Amino acid sequence: GAVVSQHPSRVICKSGTSVKIECRSLDFQATTMFWYRQFPKQSLMLMATSNEGSKATYEQGVEKDKFLINHASLTLSTLTVTSAHPEDSSFYICSASRGQGGTGELFFGEGSRLTVL
Amino acid sequence: KQEVTQIPAALSVPEGENLVLNCSFTDSAIYNLQWFRQDPGKGLTSLLLIQSSQREQTSGRLNASLDKSSGRSTLYIAASQPGDSATYLCAVRRNQFYFGTGTSLTVIP
């Protein structure tokens, strides 16, 4: 099946620093990628939809300036948590849909555990 | 707004038992429905994808059904194994994906 790679899997940083997480589709082109946040024992919360070559679409309540998303190519989207604080500590997961239109199968990265000290 | 519910929230079964996980959604206008498993601290692994025109999909010991008109899907796991222990999530897609809250499955050896 298709593979979506996410890096790093774990990151620990000090409060106030910025952290970048990469999401790559390894064997297909993804014009759209999705970024989620997951709290312990809860389901996924969609943060934003990343569109190749254009600005990301953020969900209500998600700070655009805090969570910067760049989708510079058809295989790479990045999420940068700027000036991270302990409340940003969470599990972040990206996904990409293979295929055109609305019927494509969704594939997920392995997730990135962010801990802000 | 689409709402996706999964029942039960947690399930514990002895090894070898067949089991059914349930997923219900409120808006039947979907493109497809997908089942995933998630292991602790990991991303989601796609199990089965059912397009809106399909009734079921099978992969190995897994069988997923879709009844769009009633807003329901089931995931059937045959001859459960300890390695099946994980959280199972369903997601329906229209313009975006809507996820259920998951069923945490424990298969006891």
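Computed over heavy atoms, backbone and side chain alike; hydrogens, waters and symmetry mates excluded. Note that this is a predicted model, so its numbers are computed, not measured.
The shortest side-chain heavy-atom distance between A:Leu106 and B:Arg93 does not fall under the 4.5 Å cut-off.
B:Leu44 touches chain A through backbone and side chain together, each having a heavy atom under 4.5 Å away. Proximity to chain A is limited to the side chain of B:Gln96, based on heavy atoms less than 4.5 angstrom apart. Heavy atoms closer than 4.5 Å to chain B are found in both the backbone and the side chain of A:Glu110.
Taking a 6.0 Å sphere around NZ of A:Lys66, one finds it holds more than 12 heavy atoms contributed by other residues, nucleotides or ligands. Other residues, nucleotides and ligands contribute over 12 non-hydrogen atoms within 6.0 Å of the CD atom of B:Glu15. For B:Lys68, the NZ atom sits in a packed shell: over 12 heavy atoms of surrounding residues, nucleotides or ligands are nearer than 6.0 Å.
A single hydrophobic cluster is not seen to contain both A:Leu76 and A:Trp35; linkage of ILVMFWY side chains at heavy-atom distances under 4.5 Å, directly or through other members, places them apart. No chain of hydrophobic side-chain contacts below 4.5 Å, direct or via other Ile, Leu, Val, Met, Phe, Trp or Tyr residues, connects B:Phe36 to B:Leu62. Two different hydrophobic clusters hold A:Phe108 and B:Tyr88 under the rule that ILVMFWY side chains link at heavy-atom gaps under 4.5 Å. Note on A:Met47 and A:Tyr58: same hydrophobic cluster, where clusters join Ile, Leu, Val, Met, Phe, Trp and Tyr whose side-chain heavy atoms are under 4.5 Å apart, directly or indirectly. A continuous path of hydrophobic side-chain contacts links A:Met45 to A:Ile69 [ILVMFWY only; heavy atoms under 4.5 Å].
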Mind listing the side-chain donor-acceptor pairs of residues 89-96 of chain A below 3.5 Å, one per line with the distance, residues two or more places apart or on another chain?
| residue | atom | partner | partner atom | Å |
| --- | --- | --- | --- | --- |
| A:Ser89 | OG | A:Pro86 | O | 2.9 |
| A:Ser89 | OG | A:Val116 | N | 2.8 |
| A:Ser90 | OG | A:Arg37 | NE | 3.2 |
| A:Ser90 | OG | A:Gln38 | O | 3.2 |
| A:Tyr92 | OH | A:Asp88 | O | 2.7 |

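In this structure, A:Phe34 CZ and B:Phe97 CZ are separated by 5.0 Å, a value rounded to the nearest 0.5 Å. Here B:Gln34 contributes atom CD and A:Phe107 contributes atom CZ; the two are 7.0 Å apart, rounded to the nearest 0.5 Å.
Between the side chains of B:Ser46 and A:Glu105, a donor-acceptor pair is found at a separation under 3.5 Å.
Contact annotation for residues 98-109 of chain B against chain A (heavy-atom separation below 4.5 Å, listed by residue number): B:Phe99, B:Gly100, B:Thr101.
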